[in-house]
Amino acid sequence: MYRVRIAPSPSGNLHVGTARTALFNYLFAKKNNGQFILRIEDTDLERSDKEYIKNIFDSLKALGLNWDEGPDVGGDYGPYSQSERFDIYPEFAKKLVEAGFAYECFCTPEELEAEKELSAKNKQAYVYSGKCKNLSDEEKLKRQEEVPAIRFNVSKAQKAFHDSSELSFNDLVKGVLKQDTSLIGDFVIMKSNGTPTYNFAVVVDDMLMKISHIIRGEDHISNTFKQILIYEALGAQAPKFGHLGMILAPDRSKLSKRHGATAVSEFTEKGYLTEALVNFIALLGWSPSDGQEIKSVNEIAEDFRIHDVSSSNSIFEYDKLNWMNSQYIKKLDIETLKNALRPFLAQYDLSGLTDAQYTRMVEITREPLTILSDITNDVPYFFGDTVKVEPEVQAEVLDTETSRKVLREFYNDAQNWEFSEEALHEKLDEFRAKFKEQGIKPKETMWAIRAAVTGRTRGADITAVLAILGREKVLGRVNSELVNSA
Ligand code: GLU
């Protein structure tokens, strides 16, 4: 059985990059009838935050990336937060020490700092000197009061399992990758405070959780060599690895806040639909075999092959996401859209509209929406007795002699009109025709009415707007325009 995992560190809200990694693991599991596991990597307690853990859960669920095992779901492999597994790691470290693949290191932070400074001075990449590698029993006895860190003995493991200092593996995405392990210094696997480092905890967990494939960002490639050696030293079979290219901003720098939203929750708060977001994220490194980019996660899973994933970096094109989101909004059925828009209409009194009026308002304002939050600025004129008129609209449209004439007559004529859309169509036709005879273009007639009633020169279907507002509000607004600028 294929088993994959997403192992986020809760040091921030779920980033779109992590969401992409989660998605590719999820797709791989789905395609191969495997299992997708969530594990929270919170060994660094200082940088971990419960808020972020909740954000990670909520964001993955919102994207539909439900995990088969992990927090809340149970499963056979125990708690899925590393901080709840702190008692597991020392026994494996002990095993490595006993087998000679790891050793106690008593170096103080000051000593290590001095080593680093020396390498920097000599313009060399820093590797640990190996000072504690061969401490005599006598020396160890002298320092028995101190709590040592534990370091992995890289050269010992390399020699035990390989003929030369080269270590290679066949990456599912990038092909064969190699590293000269003599350039890797002996690294710490257990800190002196008793907590495991990332490279060690991840191997112990992936081994115990029987993870078969590790799909993650290429920034982890250098860790992978270290991890393979740990698997070998523990006598375990290393999983298969696939490393994904990075996600870059349109300017090809690292995607960051200055480019726009980066966390899944930021996107959803702005009114991106999770279906659009997950579809867009899938295209960061993967392309559909039929060229048809708009697809559901299930359709993508059918078509997904890890070997087809591009090994190069992908660009996070906000414009493309916007386009895709607008396409998804267009496809939403009206009831779903009405509900999805509610949070973005919180500042308006929706209770003043009947359900039929709200439905009609959404029908006539949905077309230009790119993100759901666009609605907020598109609909203020549907609410309240009065309307705020933009200054240019006042000057350029309402203050003209023609508009004033149109509005005066509209105010008089419409007193007896029925304000249903059907009736208004007919009445407005007649009304425009009357002015046309006087040389006033139908467009000008309607501009005057729209400007007085909505405060704008553009917007939703005006006949529908008038019907939703009703006679009283419409004539009230027209009247105050006539009175105010008299
Ligand atoms: N906690 C690591 C991260 O968030 C996980 C890396 C891995 O998948 O091994 O980058």
Side-chain angles (χ1 to χ4, degrees), residues 2-29 34-57 59-60 65 67 69-71 77 79-86 89 92 152 169 171-174 177 187-189 191 195-231 234 236 238-247 254-256 262-264 281 285 306 309:
Y2 283 175
R3 286 170 59 86
V4 294
R5 65 5 174 229
I6 183 70
S9 305
S11 54
N13 289 335
L14 188 78
H15 191 274
V16 283
T18 314
R20 196 262 311 244
T21 306
L23 173 62
F24 283 18
N25 277 284
Y26 176 89
L27 294 169
F28 182 79
Q35 284 172 327
F36 171 60
I37 288 137
L38 169 62
R39 180 176 74 229
I40 297 295
E41 302 216 319
D42 55 353
T43 48
D44 188 348
L45 291 174
E46 266 167 39
R47 296 189 56 211
S48 301
D49 193 312
K50 288 236 159 6
E51 280 285 300
Y52 296 141
I53 295 182
K54 181 166 172 3
N55 181 276
I56 291 168
F57 292 174
S59 302
L60 288 173
L65 305 180
W67 49 99
E69 275 173 31
Y77 297 92
Y80 288 82
S81 291
Q82 289 184 326
S83 60
E84 293 173 45
R85 298 166 62 83
F86 276 150
Y89 310 107
F92 288 95
F152 190 73
F169 70 95
D171 190 274
L172 296 165
V173 176
K174 295 192 176 272
L177 296 175
F187 54 91
V188 172
I189 55 172
K191 297 185 209 161
T195 62
T197 57
Y198 156 71
N199 273 312
F200 189 53
V202 85
V203 169
V204 171
D205 284 344
D206 287 333
M207 179 181 77
L208 295 179
M209 294 179 187
K210 299 191 169 21
I211 300 301
S212 61
H213 295 74
I214 293 182
I215 300 166
R216 60 185 173 194
E218 68 179 24
D219 48 334
H220 283 290
I221 291 177
S222 59
N223 289 324
T224 300
F225 293 102
K226 295 178 182 171
Q227 292 172 16
I228 290 174
L229 289 176
I230 301 176
Y231 280 105
L234 286 171
K240 291 199 162 39
F241 293 91
H243 290 92
L244 311 171
M246 303 310 283
I247 298 176
K254 188 167 178 268
L255 187 66
S256 73
T262 53
V264 168
I281 288 174
I306 188 73
V309 167

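Both counts, for ligands and for their atoms, begin at 1 and track the order of listing.
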Pairs under 3.5 Å, N/O atoms on ligand 1 and on the protein: can you put them in a table with the distances?
residue, atom, partner, partner atom, Å
ligand 1, 1 (N), A7, O, 2.8
ligand 1, 1 (N), S9, OG, 2.9
ligand 1, 1 (N), E41, OE1, 2.7
ligand 1, 4 (O), S9, OG, 3.4
ligand 1, 8 (O), R5, NH1, 2.6
ligand 1, 8 (O), R5, NH2, 3.4
ligand 1, 9 (O), R5, NH2, 2.9
ligand 1, 9 (O), Y198, OH, 2.7
ligand 1, 9 (O), R216, NH1, 2.7
ligand 1, 10 (O), H220, NE2, 2.9

Between CD1 on residue I56 and CG on residue N13, distance to nearest 0.5 Å: 8.0 Å

Plane angle bin for Y231 and F241 - parallel if under 30°, tilted between 30 and 60°, otherwise perpendicular: perpendicular

Residues Y198, H220; criterion ring-ring contact (aromatic ring centres under 6.0 Å, His included); working and verdict: CA-CA 11 Å; Y198 156 71; H220 283 290; 5.5 Å; yes

Between F169 and F225, ring centroids under 6.0 Å: yes

Which atom of Q82 lies closest to which atom of D42, heavy atoms considered: N-OD1, 3.1 Å

Side chain proximity check, I40 to F57, heavy atoms < 4.5 angstrom: yes

